[in-house]
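The shown structure was predicted, so the numbers you read here are calculated from the model rather than taken from an experiment.
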Number of protein chains: 2
Amino acid sequence: MFKKAKQNRVFQDVVEQIQDAIINGKLEPGAKLPPERELKDMFNTSRGTLREALRVLEQKGLIEIKLGVSGGAIVKLIDTEPIIESLALLIRSGGVSLEHLAEFRIKIEGSLMELAASRATKKDIKELETLFNQAKAYYENNDWENFLKTDEKMHTYIGIMTRNPVFQFVQKSIHDNIHRYYAEYLPMNKKRSLENLTDFEKIIDAMKINDAKTASAIIMDHVKRFSDKMQEKTRSKP
Amino acid sequence: MFKKAKQNRVFQDVVEQIQDAIINGKLEPGAKLPPERELKDMFNTSRGTLREALRVLEQKGLIEIKLGVSGGAIVKLIDTEPIIESLALLIRSGGVSLEHLAEFRIKIEGSLMELAASRATKKDIKELETLFNQAKAYYENNDWENFLKTDEKMHTYIGIMTRNPVFQFVQKSIHDNIHRYYAEYLPMNKKRSLENLTDFEKIIDAMKINDAKTASAIIMDHVKRFSDKMQEKTRSKP
DNA sequence: AATTTTGAATGGTTTAACCATTGACATCAT
DNA sequence: ATGATGTCAATGGTTAAACCATTCAAAATT
């Protein structure tokens, strides 16, 4: 008959009020909240409780706290960082294996490439070619560090080409979380880099003739090959 | 010459230590942390600071805090809840539209179905048929609530059939976040339910003859049709 | 034996200091 | 004048010591 009188922890109420203000656009990114000692009075709470609320908002990625004069809590643009972090926790806790991730990556990068290729503008292709030529130059100079960085940029740019933020952040999450394994188990060498370059060249060619299916197939095979190699390595030295 | 003396906030250090203990399995799910007043001494900090750390760990989904005697901070099994919540925030803040989500869902459920169908055992198919028959019964009795629940179960079971937790939780995140839109804009009726049933019947048939591609195509079309309908609705009453 | 009371354990909240970092402004030597 | 240096105020970070509220179990009472 009656609803349970909800036990609201005070800091939760503060979190909700500030969060709602941010989501509803009453507080825009960059806006500065009043100092703790003023907020505490506005919410009629203690400084300790208010600080717990600020900690939660900070953890959610909604605000950023700066020290010193003219410091304080500043509203952030909501981004994918908290999602990536939560996913990393889940992976690190052992709920997800490298095989699981690789399998997912093959499928998602396939879908992603298909979308990207089907939406590629001439400008996009030009941008990819610029990146490709940079990567090629680094390859020829045996500059693996910059080669890898450029390779990463190409993957990211293909994500952007989908024009869909969900694909963008899923790819970023996967890459962020898989990256340290690659670095540890699969150092770059001339042969592997050349494979990379060849694959990307084929992808760009497929995009030029609007062949999304082929582009997708190439990236899936590309990811599959690398995942297989990495899993060989991890199995040999657990 | 010297490294910048890193400014570590005390509560962050506490968070990291406890988080590492949980990830490394030194603290298993269900384990109870000492009471605040003891923890505060162990970390040589104040209660306020310690509580800020507990708030962060709570927000990350790593612990749960219970009141009363024999209460305290209890280690939780890491789950997908924080990811779902972060994604919900991103969506609500307008960073992700319904179209973006739908597009992603079409692709992911396509891949997911292909995997599930290719790994379907006879037992899996039997389980799906059982669920299908339940749904059919609810349909014939105009019991929409249970129909929807069973429909959801079928989707979930197909996720399980992939044997890959990444697909499982991505699907869960998407469904959780899209669900309230469906409930609001697309109430079930006899015609739509029948469409649902027909699609599932076709999917099971395709699985029986090991035709993963067809099963995938059906679910993609299925999702696409529903997304289109929902987007018509949301456009007509914004 | 059933019920009520009490008490201990634990998290929740408040208050009042003090510390540390930062940036602006005043001061001083050149 | 100008640049280095010192001072100060604003702000978050931390600590400490209370007291409140909830919960459960054990003791006391009927």
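With D/dG12, D/dT22, D/dT14 as the choices, the nucleotide that has an atom nearest any side-chain atom of B/S46 turns out to be D/dT14. In the set D/dT15, C/dT10, D/dT11, the nucleotide with an atom closest to the side chain of B/P35 is C/dT10. Comparing C/dT13, D/dT22, D/dG13 by their nearest atom to the side chain of A/E36 picks out D/dG13. Closest contact between the side chain of B/R9 and the listed nucleotides D/dT14, C/dG23, C/dT13 involves D/dT14. Taking every side-chain heavy atom of A/T45 into account, C/dT14 is the closest of C/dT14, C/dT10, D/dA10. Here the nucleotide nearest the side chain of B/K32, chosen from D/dG13, D/dT23, C/dT10, is C/dT10.
Proximity of a side-chain donor or acceptor of B/T150 to a complementary backbone N or O of B/N146 within less than 3.5 Å is detected. Using a distance-only test at 3.5 Å, with no hydrogens or angles considered, a donor-acceptor pair links the side chain of B/D79 to the main chain of B/E81. Side chain of B/R55 to main chain of A/E52: no donor-acceptor pair is present (N/O by atom type, distance under 3.5 Å, no hydrogens or angles).
Whole-Å rounding puts the A/E38 CD to D/dT11 P distance at 7 Å. Atom NZ in A/K40 sits roughly 10 Å away from atom P in C/dT14 (whole-Å rounding). Going from atom CG of A/L67 over to atom P of C/dG23 covers 10 Å, rounded to whole Å. Distance A/F11 CZ to D/dA21 P: 18 Å, rounded to the nearest Å. The distance between atom CD of A/E52 and atom P of D/dG13, rounded to the nearest whole Å, is 14 Å. Taking atom CG on A/D13 and atom C1' on C/dG12, their separation rounds to 14 Å, with Å as the unit. Atom CG in A/L50 sits roughly 14 Å away from atom C1' in C/dT15 (whole-Å rounding). Atom CD1 of A/I65 and atom C1' of D/dG12 are 8 Å apart (whole Å).
No side-chain donor-acceptor contact under 3.5 Å links A/N196 and A/Y139.
Ion pairing of B/D143 with B/K149 is absent here, as no side-chain N (NZ or NE/NH1/NH2) approaches a carboxylate O to less than 4.0 Å.
Nearer to the 5' terminus of DNA chain C, by closest-nucleotide assignment, is the contact made by A/N44 (compared with the other of A/N44 and A/V69).
Applying the 3.5 Å distance criterion, the base of D/dG12 shares a donor-acceptor pair with the side chain of A/R37.
Look at B/T49 and you won't find any side-chain N or O under 4.0 angstrom from OP1 or OP2 of D/dG13. Checking the phosphate oxygens (OP1, OP2) of D/dA16, no side-chain nitrogen or oxygen of B/R47 falls inside 4.0 Å. The phosphate of C/dT10 (OP1 or OP2) has no side-chain N or O of B/S70 nearer than 4.0 angstrom. Phosphate contact (OP1/OP2 of D/dG13, side-chain N/O of A/R55, threshold under 4.0 Å): present.
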